[in-house]
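Please read the structure below before turning to the comments.
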Amino acid sequence: MVENNQTDQPDYTSKDTDELETLARLGDTSAMCELAWRLRTGEHGVTIDKKRAFSLFKKVADAKDPVGLNHLGMCYEDGVGVRPDASLAARLYRKAAELGLGAAQNNFGNAYYFGIGVKKNLPQAIRWFQKAADQGVAAAQNTLGRCYLHGEGVPEDPEKACNLFEMAAQNGSLEALANLAMGYLSGRGRALDYKKAAELLQEAVDKDSATACCNLAYMYSNGLGVERDVEKAFQLYFKSAQLNCASAFLPLAHAYEEGIGTNVNLYLATQWYSRAAQLGNRLAQWKYKALASVQRQTLSDALTNPDGGKVEHVNMSVAYDIPSPEPTKPQASNESLEPADSQQTEE
């Protein structure tokens, strides 16, 4: 979700919280929104108070302020200070979107794209994403770019997709920067240029983009546009996984299993295979079962070793910490060690 993109309102993000409290009491709606956001998120050291945040956003929304309407919609979508109500969230997004707020147009587009509070409607989603993109909303530009890349609701056009990714990246979207790099890495929408792809990915990595970490790791692993460096690849896969990029779980597990760029650690390999398996990755499910079985047998042998000899690679915690993968709805994760494709709509 996008919170706000209006540039004609006062910028209160740097103001002291006490000053915001004073301005809010005087009825300054911009101050109310900034104060409510801090109460929702805990930014600037403010104690989180979701009910008060909701109350302030509602007061602004009641004045038909589009920023307040959009924030109130986000509260209803996420259940912040109120019981979740996706249908009401979508109606609030629509009101703010019709008043011209780009952030709300993006959020209303997401509602149609994902079916949040409204029936899924790809043409309507594209319509509202386009309106938001025309106002420079980076998240909408990135999502619209993905639609053109994959031909979702629009004719497939990789070049137009990359143009949108480039605009979104210029407007601060790290996912768009990673997506643009993929254009150069794959040759779809841009001329094949591994060096340019690596440069763009490094820029996103420096700003902690999980997808970029995963894709740059792939390039270091294969020596594409950079000198092959499996230790660097491992470090990037590890960082990507720590940032919760599902596409990094499988190659990280493989690195631990085979000792690629790090020491062999079958316990950690099993843990990461387990995480990938829980997301529906079939290869990870097979590898998890195989490794878990081997480690449990090794542990059993160690516990029953009549000579009391040392058994290599036994980690007592494997008897307790290896979670069995639960069947879940498959999510975005690779079946191979290919680079990641950013699939999530930005918030």
Side-chain angles (χ1 to χ4, degrees), residues 1-111 116-117 128 131-132 135-142 168 170-175 207-209 243-244 344-347:
M1 288 174 290
V2 175
E3 53 175 296
N4 184 19
N5 73 309
Q6 284 195 336
T7 57
D8 58 347
Q9 291 195 337
D11 181 11
Y12 285 172
T13 57
S14 60
K15 286 188 178 295
D16 181 82
T17 301
D18 290 338
E19 185 179 357
L20 289 176
E21 291 276 12
T22 300
L23 292 170
R25 284 194 294 270
L26 294 173
D28 187 320
T29 55
S30 295
M32 287 183 194
C33 281
E34 175 60 27
L35 178 60
W37 183 253
R38 294 184 189 184
L39 289 166
R40 172 178 173 162
T41 63
E43 291 181 10
H44 295 266
V46 174
T47 301
I48 291 176
D49 187 339
K50 294 181 179 180
K51 288 188 176 180
R52 188 176 175 219
F54 171 81
S55 178
L56 285 168
F57 283 137
K58 188 175 186 305
K59 187 177 292 187
V60 179
D62 287 344
K64 302 296 188 290
D65 182 292
V67 176
L69 288 165
N70 185 54
H71 273 292
L72 192 63
M74 292 165 63
C75 287
Y76 276 108
E77 182 179 346
D78 296 335
V80 176
V82 68
R83 181 174 296 180
D85 188 333
S87 178
L88 182 51
R91 293 200 298 273
L92 288 163
Y93 290 148
R94 178 166 195 152
K95 287 181 180 179
E98 289 175 342
L99 289 171
L101 183 68
Q105 291 167 348
N106 177 75
N107 291 342
F108 193 41
N110 278 333
I116 302 171
W128 287 103
K131 286 178 178 290
Q135 293 203 58
V137 178
Q141 292 168 334
N142 183 55
Q170 290 170 352
N171 287 323
S173 170
L174 293 183
E175 290 303 320
K207 297 175 182 177
D208 292 334
S209 166
L243 291 169
N244 209 32
Q344 292 183 333
T345 299
E346 290 187 356
E347 298 190 355

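- Between atom OG1 of residue Thr41 and atom CD1 of residue Ile48 there is a gap of 7.0 Å, rounded to the nearest 0.5 Å.
- Between Ser173 and Glu175, the closest side-chain pair of non-hydrogen atoms falls below 4.5 Å.
- Considering only residues two or more places apart in sequence or on other chains, Glu19 meets the side chain to side chain contact (heavy atoms under 4.5 Å, CB included) condition with Lys15, Asp16, Leu23.
- For the pair Met32 and Asp65, the minimum side-chain heavy-atom distance is 4.5 Å or more.
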Atom pairs and distances, donor-acceptor, side-chain atoms in residues 52-60, under 3.5 Å, two or more places apart:
| from | atom 1 | to | atom 2 | distance (Å) |
| --- | --- | --- | --- | --- |
| Arg52 | NH1 | Glu21 | OE2 | 3.0 |
| Arg52 | NH2 | Glu21 | OE1 | 2.9 |
| Lys58 | NZ | Asp62 | OD2 | 3.2 |

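- Checked against side chain to side chain contact (heavy atoms under 4.5 Å, CB included), Leu243 has the following partners two or more places apart in sequence or in another chain: Asp208, Ala210, Cys213, Lys239.
- With sequence neighbours excluded, the residues that form a side chain to side chain contact (heavy atoms under 4.5 Å, CB included) with Asn171 are Ala138, Gln141.
- Under the rule for a side chain to side chain contact (heavy atoms under 4.5 Å, CB included), the partners of Asn244 that lie at least two apart in sequence or sit in another chain are Phe249, Arg275.
- Between Ala104 and Ala96, the closest heavy-atom pair is CB-CB, 3.4 Å.
- Side-chain contact between His71 and Arg40 is absent, with no heavy atoms from C-beta onward closer than 4.5 Å.
- Annotation for His44 and Thr17: closest pair CB-OG1, 4.3 Å, computed over non-hydrogen atoms.
- For Arg38 (side chain) and Thr13 (main-chain N/O), a donor-acceptor pair under 3.5 Å exists by modelled atom type.
- In this structure, Asn106 contributes its side chain and Ala140 its backbone to a donor-acceptor pair below 3.5 Å.
- In this structure, Asn70 CG and Asn107 CG are separated by 5.0 Å, a value rounded to the nearest 0.5 Å.
- For Ala103 against Val137, the heavy-atom pair with the smallest separation is N-CG2, 4.1 Å.
- No donor-acceptor contact under 3.5 angstrom links the side chains of Tyr93 and Asn110, judged on distance only.
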Residues 79-87, side-chain donor-acceptor partners within the protein, below 3.5 Å, at least two apart:
| from | atom 1 | to | atom 2 | distance (Å) |
| --- | --- | --- | --- | --- |
| Asp85 | OD1 | Ser87 | N | 3.3 |
| Asp85 | OD1 | Leu88 | N | 3.0 |
| Ser87 | OG | Arg91 | NH1 | 3.0 |

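- At least one donor-acceptor pair under 3.5 Å links the side chain of Gln135 to the backbone N or O of Gly100.
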